[in-house]
Amino acid sequence: MRVSPVIPVVTIPDNTDVIALGHALLNGGVRIIEVTLRTQAALAAIVELVKTFPEMRVGAGTVWTDEQARAVVDSGVAFVVSPGISMPVHEVCTAASVPLLPGAQTISEMAHWHSVGQEAVKFFPASASGGVAALKAYSSVLPALEFCPTGGINMSNVREYLDLPSVPCVGGSWVVPESALRDAAWASIEESAKKVTEL
Ligand code: 3PG
């Protein structure tokens with residue numbers, strides 16, 4: 001969570017040049033990526049990124065099942081993200097000593113993750129669930145927990161989140177939008193990554 005102020009959340013369409021994507025992010029100074037398991041191309045992209053860019057933290061997101069968790073752990077991911085509570089995913093990650101960033105939207109979900117030893121959660125969907133004001137309230141009762149808010153964050157509101165002491169980083173798809181991948185817009189992805197690095 002301290003590799004970059006923003007973890008790019010990336011959904012990979014078919015036929016994406018993932019090597020060009022990796023170079024665009026690294027050239028922009030971003031050394032972390034979360035590839036969501038929302039498309040057919042995701043797993044192969046993870047394998048290729050892990051193999052090609054050892055200097056990059058490659059994670060898998062939208063991981064719900066133990067089968068998915070095992071597949072991404074076997075692919076060598078540096079971390080796993082799940083959008084909500086999935087104890088099978090937690091078990092696989094714990095057994096493999098792979099860091100899990102599990103999703104929570106409510107105070108009870110956050111307390112649940114804290115009670116099983118998690119030090120940080122993904123607050124999702126952040127903007128739709130009260131944003132910065134909600135996070136301040138959660139931190140006042142769960143001061144030991146750190147948050148990676150995602151959902152509805154972009155360059156115009158990211159600073160408000162990062163200014164919270166409990167938020168080392170946020171996640172967001174705006175850095176690498178699907179349209180930029182379809183258009184092979186590597187220069188524009190590198191530009192977005194540079195803006196993130198400047199944060
Ligand atoms: C996620 O999985 O973290 C979200 O899809 C990211 O939300 P965003 O598209 O609003 O950035």
Side-chain angles (χ1 to χ4, degrees), residues 1-12 25 30-38 42-43 45-46 49-50 53 56-132 134-135 138-139 142-153 158 161-162 164-176 196 199:
M1 291 177 78
R2 284 171 176 78
V3 174
S4 164
V6 180
I7 300 176
V9 177
V10 183
T11 296
I12 308 245
L25 287 174
V30 172
R31 300 189 319 280
I32 189 163
I33 182 171
E34 174 191 329
V35 176
T36 68
L37 295 191
R38 296 180 201 170
L43 201 55
I46 287 170
L49 287 167
V50 167
F53 301 105
M56 186 173 236
R57 302 282 223 296
V58 179
T62 324
V63 180
W64 280 119
T65 67
D66 52 352
E67 204 179 10
Q68 288 175 321
R70 269 194 296 272
V72 297
V73 163
D74 289 348
S75 304
V77 289
F79 64 99
V80 170
V81 184
S82 61
I85 293 181
S86 169
M87 292 317 282
V89 171
H90 181 257
E91 277 152 31
V92 171
C93 291
T94 305
S97 298
V98 172
L100 170 67
L101 184 62
Q105 182 194 20
T106 66
I107 192 72
S108 297
E109 290 160 9
M110 289 166 191
H112 160 77
W113 284 125
H114 191 230
S115 74
V116 297
Q118 289 288 151
E119 294 168 11
V121 297
K122 163 185 166 112
F123 174 42
F124 178 78
S127 293
S129 314
V132 167
L135 275 176
Y138 296 144
S139 286
L142 287 168
L145 209 55
E146 291 194 312
F147 300 95
C148 173
T150 80
I153 303 179
V158 64
Y161 286 94
L162 292 175
L164 298 175
S166 59
V167 175
C169 69
V170 307
S173 64
W174 88 89
V175 189
V176 184
V196 160
L199 286 167

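The basis for the numbers below is simple: all heavy atoms, side chains too, and nothing from hydrogens, waters or symmetry mates.
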How close do [X] and [Y] get, heavy atom to heavy atom, and via which atoms?
| X | Y | answer |
| --- | --- | --- |
| A60 | V72 | CB-CG1, 3.5 Å |
| M110 | L142 | CB-CD1, 3.6 Å |
| A78 | P99 | O-CD, 3.3 Å |
| L101 | K122 | CD1-N, 3.7 Å |
| R2 | P168 | NH2-CG, 3.8 Å |
| A120 | P102 | O-CD, 3.4 Å |

Practice prompt. Step by step, work out the side-chain contact (heavy atoms from CB on, under 4.5 Å) result for L162 and V170.
Written response: CA-CA 7 Å; L162 292 175; V170 307; 4.0 Å; yes
Discussion item. I'd like to know if R70 pairs up with E91 as an ion pair, taking the criterion as any Lys NZ or Arg NE/NH1/NH2 lying under 4.0 Å from an Asp or Glu carboxylate oxygen.
Written reply: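 Salt bridge: no.
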Do [X] and [Y] touch side chain to side chain, with heavy atoms closer than 4.5 Å?
| X | Y | result |
| --- | --- | --- |
| T65 | V89 | no |
| V92 | V73 | yes |
| M87 | V116 | yes |
| C169 | V6 | no |
| V35 | I33 | yes |
| M56 | I32 | no |
| S75 | V50 | no |
| V196 | S4 | yes |

So, taking the atom named [atom1] in [X] and the one named [atom2] in [Y], what distance separates them when rounded to the nearest 0.5 Å?
| X | Y | atom1 | atom2 | result |
| --- | --- | --- | --- | --- |
| C148 | M1 | SG | CE | 5.0 Å |
| L135 | S129 | CG | OG | 9.5 Å |
| T94 | L100 | OG1 | CG | 7.0 Å |
| W64 | I85 | CH2 | CD1 | 9.0 Å |
| D74 | I46 | CG | CD1 | 12.0 Å |

Worksheet item: With respect to Q68, which candidate in V80, T62, V63 satisfies the side chain to side chain contact (heavy atoms under 4.5 Å, CB included) definition?
Response: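 Of the listed residues V80, T62, V63, the side chain to side chain contact (heavy atoms under 4.5 Å, CB included) partner of Q68 is V63.
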Practice prompt. Scan residues 164-174 for pairs that pass side chain to side chain donor-acceptor pair (under 3.5 Å), counting only residues two or more places apart or in two chains.
Written response: S139-S166
Fill in: Partner set under side-chain hydrogen bond (donor to acceptor under 3.5 Å, both in side chains) for T36, not counting sequence neighbours
T11
Worksheet entry | Test side-chain contact (heavy atoms from CB on, under 4.5 Å) applied to V58 and F53, step by step | CA-CA 9 Å; V58 179; F53 301 105; 5.6 Å; no
Worksheet item: Could you give all pairs that pass the ring pair (Phe, Tyr, Trp, His ring centres under 6.0 Å) test and reach residues 109-128, with sequence neighbours left out?
Response: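 Those involving residues 109-128 are H90-W113, F123-Y138.
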Worksheet item: Just by modelled atom types, is the E109 backbone N or O under 3.5 Å from a matching donor or acceptor in the T106 side chain?
Response: yes
